[in-house]
Amino acid sequence: MSTHPLALGRTTFGDAANKDNLLTPEEAHALLNEWVPNERLRMHMKQVGAVMRAWALVREGADERTALKWELAGLLHDADWEKHPDAHCRVIIEKLEELKIDPEVIHAIASHGPKYFGVEPETKMDKMIYVFDELSGFIHAAALIRPMRYEGMDVKGILKKLKTPSFAAQVSRDDINDALSRVDVSLEEIIQFIIDHQRDVR
Ligand SMILES: [Fe+2]
């Protein structure tokens, strides 16, 4: 694999001794408010956080503590993107390591773009954040151009937009397909889940 400028150059993160050391949702939101002035980008992370949390609870049968890990990975995965675009992922990872956060959360963040960061998704949490990231943003972009936003939005309309290269052209269809190929869930199911669980995020 050729090296991307954002490649992290390592595949292990955090310290196993910090297992189960998490931020509270309030602490994570405070970090977001400080690191991400852009409201739209903050919204993206809140939406991915909400979808990750819901998936853990509804589809993985996770307990509250585990669901919080999934939520934190979603909430913080792009936290350094606005202020450190040239070192995206590395800066937030170092911050979370300094805060002694659970290595599973850090690994999920490090693997949310294998092509860029050079870290393969391993756990289900890793794989699902990779699946949700681009699709969540894509669906929100679709909602923003609809007068009724999420009201009446259906899977079919999203599928059609995905096949329209000019719509949200910056969203990589290749990344979406690559992410989907790693999980045993259909695209239709993922789209419906995202619509249902990010529509009310404020
Ligand atoms: Fe993202």
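The basis for the numbers below is simple: all heavy atoms, side chains too, and nothing from hydrogens, waters or symmetry mates. Counting convention: from 1, in listed order, for ligands and their atoms alike.
- As for Asp78, its N/O/S atom nearest the Fe ion (ligand 1) is the one called OD2.
- Asp133 contributes atom OD1 as its closest N/O/S atom to the Fe ion (ligand 1).
- With a 4.5 Å cut-off on side-chain heavy atoms, Leu76 and Leu31 count as touching.
- Residue His44 approaches the Fe ion (ligand 1) most closely through its N/O/S atom NE2.
- Taking the centre of each ring, His4 and Tyr116 come in below the 6.0 Å mark.
- The distance from the Fe ion (ligand 1) to the nearest N/O/S atom of Glu134 is not under 2.8 Å.
- The pair Arg53-Glu64 counts as a salt bridge, with a side-chain nitrogen and a carboxylate oxygen less than 4.0 angstrom apart.
- His107 and His112 have their aromatic ring centers separated by at least 6.0 angstrom.
- In plain terms, the two heavy atoms of His88 and Asp80 that are nearest each other are ND1-OD1, 2.7 Å.
- Coordination check, His77 versus the Fe ion (ligand 1): passed, since an N/O/S atom of the residue sits under 2.8 Å.
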